[in-house]
Every structure is written in C-alpha cells, then in structure tokens.
Amino acid sequence: MGGGGSAPAAGNAASGPNDPWVALREQASEALTHTLRSLGWTGTKEELARALEVGPEGKADLALPLFRLAKPLGRRPEELATSVAAAIPPSPAFAQVSAVGGFVNFHLEPRAFALSTLRAVLGAEEHYGEGAPKEGKVCVEHTSANPTGPLHVGRSRNTVIGDTLVRVLRAAGWKVTSQFYVDDVGRQAAMLVWIWSRAPSDWPQEIRDASQLPPDGARPKDLKADHWYGRPYPSTAAYVKEHKEAARSLADLTDRMESGALPKEEYRRVPREILEGILSSLRRMGASFDEFVWESDFLFDGSVERVAEKARTSPRYRRADDGAEAVDGSDLGLPKDSPLVYMTRSDGTFLYPIRDVAYHLQKFSRFDRVVDVLGEDHKLHARGLMALLDAAGEKRRPEVLTYGFINLPEGRMTTRGGRVVNLDQVLDEARDRAVEEVRKRRHDLAEEEVQRIAESVGSGAVRFHLLRVQPEKPIVFRWEEALSFEGKSAPFVQYAHARASSLLRKAQGSDDGPMARPAPPSAADLPPELHPKELALLRSLSELPGLVEKVSEGRSVHLLALYAHEVAERLNEFYQELRVLNSEPPVRSFRISLVAATRQVLSNVLGLIGVEPLERM
RNA sequence: GGGCCUGUAGCAUAGCCCGGAUCAUGCACCUGCCUUCUAAGCAGGAGUACUGGGGUUCGAAUCCCCACAGGCCCGCCA
C-alpha cells in the first residue's frame with residue numbers, strides 16, 4: 001500500500017495474533033539493531049521499530065530512513081545506508097535489502113509473504129483482522145437523537161460513525177456496549193405529549209393545517225410511526241410560541257412530567273413510537289443498539305441531587321443572586337465571557353447538563369472507557385460536561401468523537417424551513433435506483449432476490465458515502481454522490497465480493513450449497529513465480545489486522561471504507577489480468593486460495609463498516 | 001468580537017496526529033476492452049492541485065506564526 005494506494009499503511013501499533021507484519025517488523029528491526037550497533041550506534045530496538053516505515057510500493061516493503069541516525073555517527077545518510085544494507089544478514093523473510101538515497105529498503109520474499117498472509121487469513125477466517133481480547137469494557141453512546149420525528153441524513157452520520165466504531169472496537173478485542181440516550185424530558189418531549197394527548201380532530205386549526213393530515217385525520221397505513229407522530233411537532237412549536245394559554249398549559253405539563261406527577265409510561269408513549277420508527281430506519285443501515293437509557297430515569301432516582309450536592313462543595317460552584325446554580329469552567333476552555341455551566345434554574349429545578357453528568361457517572365460505574373459520538377455543535381457542551389464532572393469529583397472523562405455537519409448545497413438543513421432530507425427518503429431512493437441497476441444486468445433473478453439485493457446495495461451505498469469522509473470534515477449532501485454505485489462506493493466492494501464468490505462457486509463445481517472453506521496452502525503448493533497483481537493483492541490483504549488496531553486507537557473510522565475499496569480494486573485488477581479457473585494446476589489452486597482469502601477479507605471489512613457482503617448481484 | 005474545526009486538480013476526497021523517496025484515489029472528460037471466470041469492471045490518456053505569506057529543518061501537504069476563506073458554537077433549551 002504505502003505510496004501506491006489511497007488507503008493508509010498499516011500502523012506501528014501492536015496488532016492481533018494474525019497480523020503477518022508483526023513478525024516481519026520484528027525481524028527487520030532486530031537485524032537493523034545488530035547492524036547499527038556494530039557501527040557504533042547506541043539507540044534501542046524500540047526506537048528503530050518506531051522509525052521503520054512501510055515503504056512506497058514497488059520501492060520497498062519496509063524502509064528505515066537514516067537521516068536522523070547518520071548525524072550523530074558523523075556519516076552521510078547515503079553512505080551509511082549502503083554499509084547497513086550490505087551488513088544485514090540474509091533471511092528467509094526478505095529477498096533483498098538495498099540502499100536507496102538515505103533509506104535502507106527491505107524487500108519481501110514473495111513466496112514466504114504469500115504463504116504467511118494466506119495462512120493468516122484462511123486460518124482465522126471470519127476472525128482475521130481481530131485483535132487479542134483486551135481487558136476492560138467500553139461504552140459507545142451514539143445517535144441519541146431526540147425522538148421528535150424522523151431522522152435526517154445529517155444525524156445519521158452520527159449513527160454511521162458510532163456503529164462502525166462499535167464494530168471496530170469489538171474486532172480490536174474490547175467488550176463493547178452501544179447506548180442510545182433517549183431524551184424524554186423537557187419542552188420538546190412535553191410538546192409531543194401535549195399535542196398527542198388529544199385526537200388530531202381536536203387540534204387547533206393551525207396545527208392541523210400545517211401538519212397536512214389526511215381528511216379523516218387517521219394515520220395512513222404505510223406511514224412510519226416517526227413520520228406520523230413527528231408531523232405536528234414543528235407547527236406545535238410555532239403555535240405554542242404565539243398562544244399564551246397553550247404555552248401555559250405546556251409549561252404546566254412540563255412541570256408535572258419533571259416532578260413525577262405524570263406517570264412516565266404516559267409521556268414515554270409517543271417518544272417510544274417515534275423511536276421505534278427511527279430504529280427501523282437505522283436497522284436498514286445495519287445499525288442497532290444494545291441499550292437505551294431514558295433521560296427521565298435520572299430525574300427520580302436521586303442521582304441528580306447527589307451530583308448537585310457534590311458540586312456545591314466544589315471550588316467551581318457559583319450561585320447567582322436569584323438562586324440559579326452553576327459551575328465555573330473558565331479554565332477548561334469555556335468562553336471567557338460566559339464560563340458558567342448551569343445545573344439548576346433559579347426556581348431550583350434541574351437542567352439538562354446535570355442529568356448528563358448523572359448519566360456519565362452511571363457509565364463510569366459500569367465501563368472502563370466511555371466514548372461519546374457528538375455533532376460538532378455539541379463540542380462546547382462537552383466541555384461543560386467536563387467542568388461539571390470535575391465539580392462532581394469524577395476524575396475520569398469521556399472520549400469525545402465529534403463530526404461535522406451535513407449541509408445541503410443551498411445551506412443548512414432546517415426542519416422548520418422545510419429544508420431537510422430524511423434518512424428514509426435517501427434509503428428509499430437508493431433502493432429504487434438499485435432495483436433498476438439490478439434489473440439492467442440480471443434477468444435471471446426472482447423478483448424477491450432483486451429486491452433483497454437492491455435494498456442491500458442501496459443502504460450500503462448510503463452508509464459508505466457517509467463513512468468515507470474524515471469525521472471532522474463537513475459534508476455537502478448531493479444526491480448524485482450519495483447514490484453513486486461505482487468507484488469509491490459500497491456496491492463496488494460488494495461487487496468484488498460477489499465476483500470472488502462466483503469464482504469460488506465455479507471452482508467447487510456447484511452453484512449452490514455452502515461455500516467450501518479452502519485450507520491454507522503449504523509451501524509446495526505455491527507457484528515458483530508470483531505476478532505483481534497477485535502480490536499487490538496479498539499486500540492489501542495483509543494489512544487488515546494493523547488497520548483494525550490503528551482505527552480502534554485513533555477512531556478514524558473512514559479509513560476502513562477506503563481500505564475496503566482498495567482491496568476490491570486490487571481484486572478487480574488481478575481478475576482482469578489473470579485467469580483463475582482455467583490456469584495450470586499449481587497456479588490454479590494458489591489463485592483459488594488467493595480469491596478465497598480476498599473474499600474473506602472483503603467480507604470481514606464489510607462487516608466492520610456495516611455493509612452486507614453479497615454472494616451475487 | 002471570541003473559541004474549536006476545515007482549506008489538496010473542474011468536483012469530491014486520502015495522506016497531516018508521528019516531517020522522508022516523482023502528492024494518491026473516485027467522479028466528470030478522451031481512447032480502447034464483454035462468443036472464455038459477473039463490464040456496478042479493467043487498461044491507457046489528458047488535466048493539472050497541497051488557500052496565500054513568512055519561519056523551523058538536510059528535507060514541509062504534514063510542525064510553528066500571520067493572513068484569507070468555509071463549517072460549527074458562544075441560552076437559567078435539550
């Protein structure tokens with residue numbers, strides 16, 4: 001990979017037991033340490049292992065730049081590289097060690113490398129890429145959208161990033177629990193309870209008109225719950241703003257909810273319905289949650305009071321003249337002109353941030369690592385949370401992963417301005433376009449299978465599109481790009497997987513039945529020469545374990561999408577250039593192993609990014 | 001006004017944390033390739049790009065400073 005591809009090179013981080021690079025790095029740094037020491041160098045092997053980089057493909061597999069090392073030895077880098085390369089003893093893993101410029105370049109022995117990579121992949125099968133089990137439990141909270149209506153694509157970026165992070169952390173060896181924090185407290189939640197406590201026919205005229213209800217006021221059969229129950233939300237918000245008596249009755253309702261006078265099953269009914277609708281959309285994208293935590297639970301279990309009590313003894317504590325209580329976070333990056341994080345209103349009722357602290361304390365009591373996936377609009381609130389946690393005497397902090405907004409070409413998405421693109425719209429449109437594409441190429445498939453493939457291709461394309469960009473970059477949503485089925489897209493990867501699957505079906509001679517699992521080859525099975533396309537593919541396959549480790553550490557989930565594309569691309573290049581099924585015996589079985597290993601890696605990486613690997617399309 | 005993030009070919013992006021070998025990929029554009037393993041593919045071409053200016057370094061897209069441009073935020077809402 002390295003300079004040759006767009007995906008990242010395997011990092012230096014220690015990877016799991018099935019990483020072919022671990023032994024290679026070890027051998028190279030071992031040999032280099034001995035050689036350099038004999039030339040008067042005094043550093044450590046660890047130092048070298050860190051400096052050892054993955055070289056530009058074609059030039060070197062592993063490379064050590066000597067510029068820094070040459071200086072204290074009083075030698076020229078080029079000349080030092082030459083003597084080092086000449087002094088490295090031969091080994092079975094490396095065919096050649098050469099000096100170019102100031103670099104010492106290690107070139108892999110192709111057959112040994114092919115063998116170790118195929119063995120790693122075919123030996124571990126669906127576990128290839130996974131790291132060794134790690135001590136400790138991780139909580140990843142993501143999405144946590146207010147259940148006031150259908151999810152828009154902007155928010156679903158949170159889900160895609162969060163769900164992928166959950167998958168990759170699991171693969172890296174952590175025990176992971178995913179949580180959705182459900183907001184059923186406050187004005188927004190009360191608004192829905194307020195309007196839905198009456199039948200639509202009893203709603204104020206303005207709200208009915210703006211909600212565009214069907215004439216009979218009944219929910220259409222095919223309308224999802226989140227769309228139906230969320231429909232009056234924007235107009236209710238506007239209505240309450242303009243009608244004093246409505247505002248008063250809403251405030252009254254909020255009080256009754258927050259004081260516990262209203263049974264929680266009564267005010268959770270509508271949010272629960274909407275949440276179900278949202279979740280069914282998320283399931284289409286392969287995302288689900290282990291646990292749901294309802295915000296209102298922290299209202300009545302005494303935990304907020306405990307936080308407040310603790311905070312009152314903190315030097316950060318501030319109390320305004322009118323009784324509102326806050327915490328000072330000016331030293332923690334809160335704005336100098338408003339460094340206060342309020343935890344209670346002047347009437348003594350609790351505010352959202354303190355419930356969030358109670359929630360995080362609960363997380364810390366159960367988990368060793370706490371990760372929050374948040375939109376960049378919540379960055380400052382996260383800082384406020386840190387200040388409150390500090391005041392509450394909690395030393396641990398959540399790891400916050402923020403992502404940029406998804407805007408439309410004409411500007412920001414707004415629910416009230418009617419300028420939104422809902423996730424459901426995008427998924428439906430993607431599926432419809434995929435149906436056309438499948439029909440164009442396959443005339444032999446049953447309608448049911450066409451639909452199934454199209455759903456998977458469509459939702460995969462959407463998920464991939466939201467994932468492939470570095471999280472902190474803002475995205476401008478364009479339909480043509482989100483719904484592209486070629487190039488850097490999920491269908492491109494799924495297609496490669498289907499292609500590999502088809503080859504293997506033909507190789508085993510039956511078009512259906514379970515796929516045979518080829519055994520890892522032995523040295524005798526390998527052809528004497530390997531083709532560059534075969535080597536390039538193997539090189540990519542070998543990098544999954546290092547990548548899983550790197551992504552789980554750095555949380556750069558977009559790299560997984562780019563890696564998936566690279567593997568698929570290299571399979572395609574291999575496929576186009578070389579025959580598999582009708583090649584001569586030693587080559588044929590080797591290539592079948594290579595295809596099987598590629599299919600396995602594609603399947604594993606698609607699993608990591610939450611896209612379904614398709615057997616045919 | 002202040003804070004955080006981002007700026008790479010016509011468009012969209014990777015590489016930036018941790019400086020290293022001619023800056024990589026996709027879309028769009030041009031030329032080829034389906035009577036042999038799925039053309040959602042492959043081969044080739046053109047295009048030209050690290051926002052601008054300083055600095056550090058043997059070496060800067062990468063680190064530092066300044067400027068400019070875009071995103072987000074600066075509620076006793078959640």
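Lettering of chains follows the sequences in order, A, B, ..., and the numbering in each one begins at 1.
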Ignoring backbone atoms, test whether [X] places a side-chain nitrogen or oxygen under 4.0 Å from the OP1 or OP2 oxygen of [N].
X: A:N146; N: B:A78; answer: no
X: A:K473; N: B:A14; answer: yes
X: A:R570; N: B:G41; answer: no
X: A:Q188; N: B:C77; answer: no
X: A:R355; N: B:A78; answer: yes
X: A:H558; N: B:A12; answer: no
X: A:R345; N: B:A78; answer: yes
X: A:R499; N: B:A39; answer: yes
X: A:R441; N: B:A40; answer: yes
X: A:N407; N: B:C72; answer: yes

Please report the distance separating the [atom1] of [N] from the corresponding atom of [M], rounded so that it comes out in whole Å.
N: B:C27; M: B:A40; atom1: P; result: 13 Å
N: B:U51; M: B:C29; atom1: P; result: 27 Å
N: B:A24; M: B:G47; atom1: C1'; result: 15 Å
N: B:G75; M: B:G70; atom1: C1'; result: 26 Å

Ring of A:F485, cation from A:R433 - is the NZ or CZ under 6.0 Å from the centre and inside 45° of the axis? no

Exercise for the section: Kindly indicate whether the side chain of A:P398, heavy atoms from C-beta on, has any atom under 4.5 Å from the side chain of A:M386. Expected result: yes

*base_contact_polar (B:A78 base, A:D356 side chain, donor-acceptor, <3.5 Å)*: no

Within the stacking criterion (centroid distance below 5.5 Å, interplanar angle below 30°), does A:Y575 stack on B:G41? no

Please answer whether B:G41 and A:F492 are stacked, defined here as ring centres separated by less than 5.5 Å and planes angled under 30°. no

All stems that RNA chain B takes part in, i.e. 3 or more consecutive Watson-Crick or G-U pairs with distances under 3.5 Å, are B:1-7 with B:68-74, B:10-13 with B:24-27, B:29-33 with B:41-45, B:51-55 with B:63-67

